[in-house]
Amino acid sequence: MLRLICVLILSLPVMWAQKKTIFLITDAEGVGGVCRQDQTDSKDQEMRQLLTGEVNAAVEGFFAGGADEVVVWDGHDGSQTLSTLTLHPRAKLVMGALGSSMLMERRYSAVAYVGQHSKANIRGGIMAHSYSSLGIQNMLLNGKPVGEIDVIAAMAGHFGIPVILLSGDQAAANELKEIVPNAELAVVKEGLGRYNCISLSAAAARDMIMEAAARSVSKIGSIKPYTVPGPVTLQIEYTTRNSLPVDAEKRAGAEVLDDRTIRFLGKDILVGWSLYRSR
Ligand SMILES: [Zn+2]
């Protein structure tokens, strides 16, 4: 009996590790059929349907591929876009800001993106931006221009979590491929310019995402988490529509480089990102 209990206790971590939970990060600008700024309004009914359709297709694919749980974060514009009324019945919805660790300390089995756009300043990236179109001209992580794709992948990697799937425009797919070559990619539209695109139909986009999501689950264990070596610098160049935070010089870990650029230094991505996000 004692032996059985010992075996059970010893195998608990393995059983937990085997439960496959996917953390799905969502955004609006990379959704098929979304190509104009007005469509990204979180109250836009058509965009909501298009995004929900792609999210639910990914969720369906993950479960078909062997996932046990899918947690979806409504990442666009303050979590006002997705609804539990129309979310896939087996998915869970995270609403509101994630905090500086992006909830990665929960050590999900894998992270995926749906509706993802590329980083700022990418020609042919549909509504390309790095966290804020109006506020941020450029964001550099250890000197490399980055947007949500790199930052989220690096935060996931910090906690040992791999990125297995991205759906979005071609530019976003190219961006993830550079850092996670084996991730599954579902390209739902091609950007001709910032507001010009060739998009798949919603039905075709959903099919493609569902299949890619199903395949991606089998890559858990073989895709290496993407890691950014510390110490980490995170440099933010604000736009002319924005300015340095008041008292920028007094921010912890911060160095003001010029009148619109600030740089944070942290021992790793978690610390660097936390310094930037804390106000
Ligand atoms: Zn975004």
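Just so you know, these numbers come straight off a predicted model, no measurement behind them. One-based numbering, in listed order, for ligands and for the atoms of each.
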**Message:** I'd like to know if V228 and V180 are part of one continuous hydrophobic network [Ile/Leu/Val/Met/Phe/Trp/Tyr, side-chain heavy atoms within less than 4.5 Å].
**Reply:**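 V180 clusters together with V228.
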With the Zn ion (ligand 1) as the point of reference, which N/O/S atom of [X] is the closest?
{"X": "E148", "result": "OE2"}
{"X": "H117", "result": "NE2"}
{"X": "D27", "result": "OD2"}

**Heteroatom test (N, O or S) for E29 near the Zn ion (ligand 1), limit 2.8 Å** = no
**Message:** Any N/O/S atom from H76 (main chain or side chain) under 2.8 Å of the Zn ion (ligand 1)?
**Reply:**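 No N, O or S atom of H76 is closer than 2.8 Å to the Zn ion (ligand 1), so no.
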**Prompt:** F63 ring centre to R90 NZ or CZ under 6.0 Å, with the angle to the axis within 45°?
**Reply:** yes
**Fill in**
Heavy-atom closest pair (D258 atom, L244 atom, distance to 0.1 Å) is O-CD1, 3.5 Å
**Request:** Would you please classify the geometry between the H117 ring and the H129 ring as parallel, tilted or perpendicular, with 30° and 60° separating the classes?
**Result:** parallel
**Prompt:** With a 3.5 Å cut-off and no angle check, do the side chains of N56 and E60 form a donor-acceptor pair?
**Reply:** no
